[in-house]
Amino acid sequence: MPVNRNALIRYKTIDKCLQNHYRQWTLEDLIDAVSDALYEYEGIDKGVSRRTVQGDIQMMRSDKLGYNAPIVVTDKKYYTYEDRDYSITNIPITDQDLGRLMETVEFLKEFKGFSHFKELDAMVQKLEDHVYAQKTHQKPVIDMEKNENLKGLDFLEPLYQAIIKKHVIRLTYQSFKARHPQTFEFHPYLLKEFRNRWFLIGAKGRQAQLMTPALDRIIQIEYSDAVYWDRPDFNAEDYFRDAIGVSVSPSLKPMEVDFFVNHTHAPYVMTKPLHWSQQLLERDHYGMTFRIHVQHNFELEKELLAFGDGLMVIKPERLKRSIRDRLEGAIDLYNTDLNEKGLISASRKMKHKGFGILNHVYSQRAIKQMNRLLEKAFDAESNQNYVKRGLLEAIPELKPMLFNKNLQRVVSSVDPKAFLVKAIYMNKQPSANWSVGWHQDRTIHVKQKAEVEGFTGWAERDDVISVLPPVEINRNVFTIRVHLDDADRENGCLRVMPGSHNKILSTDEIKTITENSIPYDCEISAGGVLLMKPLLLHSSNRSAKQKPRRVLHLEFSSSELPDGLEWAEKM
């Protein structure tokens, strides 16, 4: 039985409603939904009768169209599918439809090979395979790339209708960078698929620049009564001619990109060119050199990066530098993947020797972000040497950067119950060619003075109250020094005396140890951390290099202070 277009719209609408089990559907609800669908897709504004929808339900229940839909009525009022997973879109093709599809495939195959129908070849092949699988009840032998979980695919049909009918739409859209969605009127011109992801090309107005919102970021689409501004001069082939992907800048001139591909990957680039403009420049024993004429965009970099160590950009220099930076960033991410063995080793070493070193706790990108934030906050003093106490109270935005997953793992490996009790920023500029003699860190920061037994040496400095606690308190404290710059012997790195952290040393004991022992130089790269017990004997030597030495000094403890005292920066 032939089914007209309006009937199909009604069946699909009823099917969509009954698949929604979060709502109860009366006959009146289904009539309203079908009327809205007919108006949206066909412009029919007279609605649909009660008798028509009842007939549609009976037709869907029957075997006339092969649906056999399990539609039941609950509470003598609400329509639903008895099988919650049922949909008319999941039923097999009927023999009659299968015959028509076979005729269609045979007809389309007559045009294969003609240049005007070249783009239909893959579609015809896929359709033929699907029909063959349905007819013989065998598995398909062609599997095209698809992503059934991709968001936004349900917007394809309404957007397609809006383009061909030249309707302005109200688009609610939220890009990956936006914190909140935006709603605006949009004039759609083209739907484009790239790498199995769909995009909409259009503009906000007559003279506005073309935009390319991704369908998976669209939240809602509504039709608008605004006047549609067509662009008869818009040609998709010309618009995307000099670009890979969908990111096009009309004002950006294309450039010549030369790149070398080693012999392992060269055949793949040769048989599947990166761009239609690709040409082979040179071939040797090691690989091939190609040239393409394209704009510099995100998709170009992504294509080049996909070959990893098998491809090298030769020119232009700006693209070459960008690819190199991205690869270095990738290596940096792998380097910051701390393993459990290294964490355990560092925490045990701190317990027995008083210190431990972990490199690559932070990526170089994270270090740059923290440095920019610190420079912005202390710009007036950026060329001076200073110590800033109460750092995270002064710059709360620094906290999420500082306490990344790696630092949290480091703290937990030392003491799962530890909390922050002190945060200091120490800035030693290149001009600061000075050192700190051998000493032990003994002071803690508290909120107020109080007479507590064992606590001595009260002092106030920079609105911070310092006190010397008994040794038992210091034994439960540990320090993590985050290095924002490279620290080595020539750049004033910290020198420590292993094993000197178990007690408070006298002046004579410090002199004897330092004169008769060989210190250890804690050389640490930017992004690394030094774990240290506060009583560890340490000093810093003079810097021979004219480089900054910036350090974030963090102290942790799991011990509460006696009544009358409270940690100044407990977090």
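Counting from 1, the numbers follow the sequence of the chain as shown. No experiment lies behind these values; they were computed from the predicted model shown.
No donor-acceptor distance shorter than 3.5 angstrom exists from the side chain of Glu393 to the backbone of Ala423, with no hydrogens or angles considered. Under the 3.5 Å distance criterion, the side-chain polar atoms of Thr514 are matched with a main-chain donor or acceptor of Ile510. Listed for the Gln364 side chain is no donor-acceptor partner under 3.5 Å among the backbone atoms of Gly527. With hydrogens and angles disregarded, a donor-acceptor distance shorter than 3.5 Å links the side chain of Arg409 to the backbone of Leu338. A donor-acceptor pair under 3.5 Å links the side-chain atoms of Ser540 to the main chain of Val436, judged by distance alone. Between the side chain of Gln174 and the main chain of Arg179, a donor-acceptor pair closer than 3.5 Å is present. Under the 3.5 Å distance criterion, the side-chain polar atoms of Arg475 are matched with a main-chain donor or acceptor of Asn502. Without hydrogens or angle criteria, Ser517 side chain to Ile513 main chain gives a donor-acceptor distance under 3.5 Å. A donor-acceptor contact shorter than 3.5 Å is absent between the side chain of Glu185 and the backbone of Ser224. In this structure a side-chain-to-backbone donor-acceptor pair under 3.5 Å is present from Ser347 to Leu343.
Between Tyr173 and Phe186, the ring centre distance reaches or exceeds 6.0 Å.
A pairwise comparison of heavy atoms in Glu299 and Val246 identifies OE2-N, 3.0 Å as the closest pair. In plain terms, the two heavy atoms of Gln448 and Gly564 that are nearest each other are NE2-O, 3.0 Å. Closest non-hydrogen pair, Leu200 versus Pro188, comes out as CD1-CB, 3.8 Å. Counting all heavy atoms, side chain and backbone alike, Ala526 lies closest to Ile367 at C-CG1, 4.5 Å.
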Q.
Working note: Asn262 + His265, criterion side chain to side chain contact (heavy atoms under 4.5 Å, CB included); need CA distance, chi angles, decisive distance, verdict.
A. CA-CA 6 Å; Asn262 66 21; His265 295 83; 3.0 Å; yes
Q.
Using side chain to side chain contact (heavy atoms under 4.5 Å, CB included), reason through Ile292 and Leu300 one step at a time and then give a plain yes or no.
A. CA-CA 10 Å; Ile292 54 177; Leu300 170 63; 4.0 Å; yes
Q. Step by step, would you call Asn406 with Leu358 a side chain to side chain contact (heavy atoms under 4.5 Å, CB included)?
A. CA-CA 10 Å; Asn406 278 349; Leu358 281 169; over 6 Å; no
Q: Kindly indicate, with the supporting measurements, whether the criterion side chain to side chain contact (heavy atoms under 4.5 Å, CB included) is fulfilled by Val467 and Ile465.
A: CA-CA 7 Å; Val467 61; Ile465 301 174; 5.7 Å; no
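Residues Asn297 and Ser247 have side chains that never bring a donor and an acceptor to within less than 3.5 angstrom of each other. Side-chain N/O atoms of His501 and Gln440 include no donor and acceptor closer than 3.5 Å.
Here the OH atom belonging to Tyr286 is positioned 14.0 Å from the OG1 atom belonging to Thr264, to the nearest 0.5 angstrom. In this structure, CE in Met401 is found 10.5 Å from CG in Asn371, a value given to the nearest 0.5 Å. Distance check, rounded to the nearest 0.5 Å: OH of Tyr223 to CD1 of Ile169 gives 8.0 Å.
Side-chain contact between Tyr520 and Ile357 is present, with at least one heavy-atom pair separated by less than 4.5 Å. Contact annotation: the side chain of Phe556 never approaches that of Val477 to less than 4.5 Å [non-hydrogen atoms, C-beta and beyond]. Within the 4.5 Å cutoff, side-chain heavy atoms of His538 are placed close to those of His439. Phe355 has its side chain out of reach of Met350: every pair of non-hydrogen atoms, C-beta onward, lies at least 4.5 Å apart. Inter-residue side-chain proximity for His445 and Val421 is flagged as unmet; no heavy-atom pair is nearer than 4.5 Å. Side-chain contact between Leu554 and Leu402 is present, with heavy atoms from C-beta onward closer than 4.5 Å. Contact annotation: the side chain of Leu374 approaches that of Tyr425 to within less than 4.5 Å [non-hydrogen atoms, C-beta and beyond]. The side-chain heavy atoms of Trp198 and Leu159, taken from C-beta on, include no pair separated by under 4.5 Å.
Ion pairing between Arg197 and Asp216 holds under the 4.0 Å rule for side-chain N and carboxylate O. Using a cutoff of 4.0 Å between basic side-chain nitrogens and carboxylate oxygens, Glu509 and Lys503 are scored as salt-bridged. A salt bridge links Asp258 and Arg291; the closest N-O separation between the charged side-chain nitrogens and carboxylate oxygens is under 4.0 Å. Between Arg389 and Glu569 no salt bridge is recorded (no basic side-chain N to carboxylate O distance below 4.0 Å).
In this pair, Phe419 and Trp567 present their aromatic rings perpendicular. The plane angle is above 60°, beyond the 30 to 60° band.
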